[in-house]
Amino acid sequence: MPMSSLGSAAQPLRVAIIGAGPAGFYAAERLFKETDLVIEVDLFDRLPTPFGLVRNGVAPDHQKIKSVTAAFDRIAANPRFRFFGNVELGRDISVDDLKNYYHQIIYSTGAQTDRPLDIPGDDLIGSHPATEFVAWYNGHPDYRDCVFDLSQESVAVIGVGNVAIDVARILCRTPDELMKTDIADYALEQLRESRVREVHILGRRGPAQAAFSAPEVKELGELADCDTTVPPEEAELDPLSQASLAGADRAELRKVEIIQELSHHKPTGKAKQLILRFLVSPVELIGDENGHVKQMRLVHNVLYATDAGSLRSKPTDQFETLDVGLVFRSIGYRGVPLPGVPFNDSWGVIPNAGGRVLDPATHEPLLGQYTTGWIKRGPTGVIGTNKPDAAETVDNMIADARAGRVLSPTQPAAAAVEALVRDRQPEVVTFADWQRLNTLELSRGKEQGRPRVKFTSVADMLAALGK
Ligand code: NAP
């Protein structure tokens, strides 16, 4: 393909992005910043709705964070942008199909599953990945039918990342607090009936190593009808942690300060108790005669420094048993392989160099294939982290395009791929369709004095659109 014309109005550079979460949108935004090239972007998602984890992951009581969708709407308003929702790679369309229609393909499918814990009993009834609970309360169509036994009084959340905090906070909010959110309507009803009274969040290392951020832990101390406490002896810093904080930034120091403030809290008689623990690891879940989790055995840990200087936990010979009827393991998300796309199974990511997908056999870049977001770098960082990440990928894509290193699609016309998509998935959802759904959700919310009432099944979404 002569490079003189690729990227011109007559021959736009055609890009497919698979996965319409923040990473996909930021990649589109960066592509559109290349104003000397004419670039057309088709953004695909297996769900009819865009925005990925902003819709299905960000906690419903963090509505402000969700307002980032206004920026995504502006990207989608570009006349060279199209959304193909309800179209799944591997089900409706393949990588080989895409190669016939696009010069470049970006995979931005995030991390859709959880990391396993691998302790005895973690498959008992009542033991769940936190990721499933998050997707359930956010109304993700694939998780709306999950069952969580909220008749249990005592719950453990394993891990001290921001997801663990979200899960614990949602369990400890009052129905009035939840009413002000866009939590799925069925989750609101079930949480209204919840008998959960005690939530234990379990960190295997100390306060200085907690993965959550300062504002998130501070919020735990401000819940309407829940007392949050930290056992004072677990809030104390050991000498290794004290030394590690010498070079820490303000946010890290503030986080430890907040934990220590919480350790001075005394319960004030609120209906629920949230207990933030440190230096404990679950070693076994114990079930009752029906195979339902009833207890968790914990080992107390101490910290040690590795040769590289990082602080890790190691078990002592001190154990304790916690009575819990519901367990959420919140120890990180994990990417899943995409059909026809290389995958590094140990890291749960697509092998890549600066976003260029690598051939696992040769470790050389595969022509025209790129990745960004969690499926590129692993499940770390906040929504904004995806912006520089997408910039790195897109800058490499533009360098490749300028050097003529692109796929050679046989049918590069925008109309050609639309015909294929409509043939494979007649119920494709466009961005205009999504905007109609969005308006309906907002007006359903208004009727109930809530920010939004979501459609939570694909069938309901399609029916609302008259498809
Ligand atoms: P994360 O931040 O990586 O936290 C994972 C937690 O699991 C860590 O505390 C980790 O402890 C612990 N863990 C891992 N393996 C364990 C094991 N075998 N036993 C016990 N504990 C174990 O992951 P995340 O909470 O899923 O969050 C993912 C990303 O989304 C993060 O970057 C997070 O900040 C972001 N996020 C942000 C927000 C927000 O900004 N409000 C909300 C949600 C998520 P170690 O440190 O000891 O490994």
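Atoms within a ligand are numbered from 1 in the order they appear, just like the ligands themselves. The analysis underlying the following values was restricted to heavy atoms, covering all of them including side chains, and did not include hydrogens, waters or symmetry mates.
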* Asked: Step by step, would you call F83 with F44 a ring pair (Phe, Tyr, Trp, His ring centres under 6.0 Å)?
  -> CA-CA 6 Å; F83 176 60; F44 291 77; 8.9 Å; no
**Q.** Chi angles and distances behind the side-chain hydrogen bond (donor to acceptor under 3.5 Å, both in side chains) call for R82, T430
**A.** CA-CA 7 Å; R82 294 188 299 188; T430 64; over 6 Å; no
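Residue contacts with ligand 1 leave out S281, since none of its heavy atoms falls under 4.0 Å from the ligand. By the 4.0 Å heavy-atom criterion, G203 is excluded from the residues contacting ligand 1. Residue contacts with ligand 1 leave out R312, since none of its heavy atoms falls under 4.0 Å from the ligand.
One N or O on the side chain of D389 and one on the backbone of G373 form a donor-acceptor pair closer than 3.5 Å.
Ring orientation note: the planes of F51 and F72 are tilted relative to one another, at an angle of 30° to 60°. Taking the six-membered ring for Trp and thresholds of 30 and 60 degrees, W136 and F133 have nearly parallel ring planes, at less than 30 degrees apart. Ring geometry for F81 versus F32: interplanar angle over 60°, hence perpendicular rather than tilted (30 to 60°).
Counting only non-hydrogen atoms, the option in L303, I331, V163, I158 that gets closest to atom 27 (O) of ligand 1 is V163. Nearest to atom 31 (C) of ligand 1 by heavy-atom distance, out of G161, G57, G381, S213, is G381. For atom 46 (O) of ligand 1, the choice among E219, H62, R205 with the nearest heavy atom turns out to be R205.
Under the ring-ring contact (aromatic ring centres under 6.0 Å, His included) test applied with W374, the options W347, Y333, Y107 reduce to a single match, Y333.
Nearest to atom 20 (C) of ligand 1 among the protein's heavy atoms is R204 CD, 3.7 Å. Closest protein heavy atom to atom 12 (C) of ligand 1: G159 CA, 4.0 Å. Nearest protein heavy-atom contact of atom 40 (O) of ligand 1 is V382 CG1, 3.7 Å.
With salt bridges taken as basic N to acidic carboxylate O contacts below 4.0 Å, one links R195 and E153.
Close contacts of ligand 1 with D166, meaning ligand atoms under 4.0 Å from a residue heavy atom, involve 42 (C), 43 (C). Below 4.0 Å from some heavy atom of E216 lie the following atoms of ligand 1, by number and element: 39 (C), 40 (O), 41 (N). For ligand 1, the atoms lying closer than 4.0 Å to a non-hydrogen atom of A211 are 2 (O), 4 (O), 8 (C), 9 (O).
Contacts of V160 with ligand 1, taken as heavy-atom pairs under 4.0 Å, involve both backbone and side chain. When heavy-atom distances to ligand 1 are checked against a 4.0 Å cut-off, I165 has no atom that comes that close, whether in backbone or side chain. When heavy-atom distances to ligand 1 are checked against a 4.0 Å cut-off, L202 has no atom that comes that close, whether in backbone or side chain.
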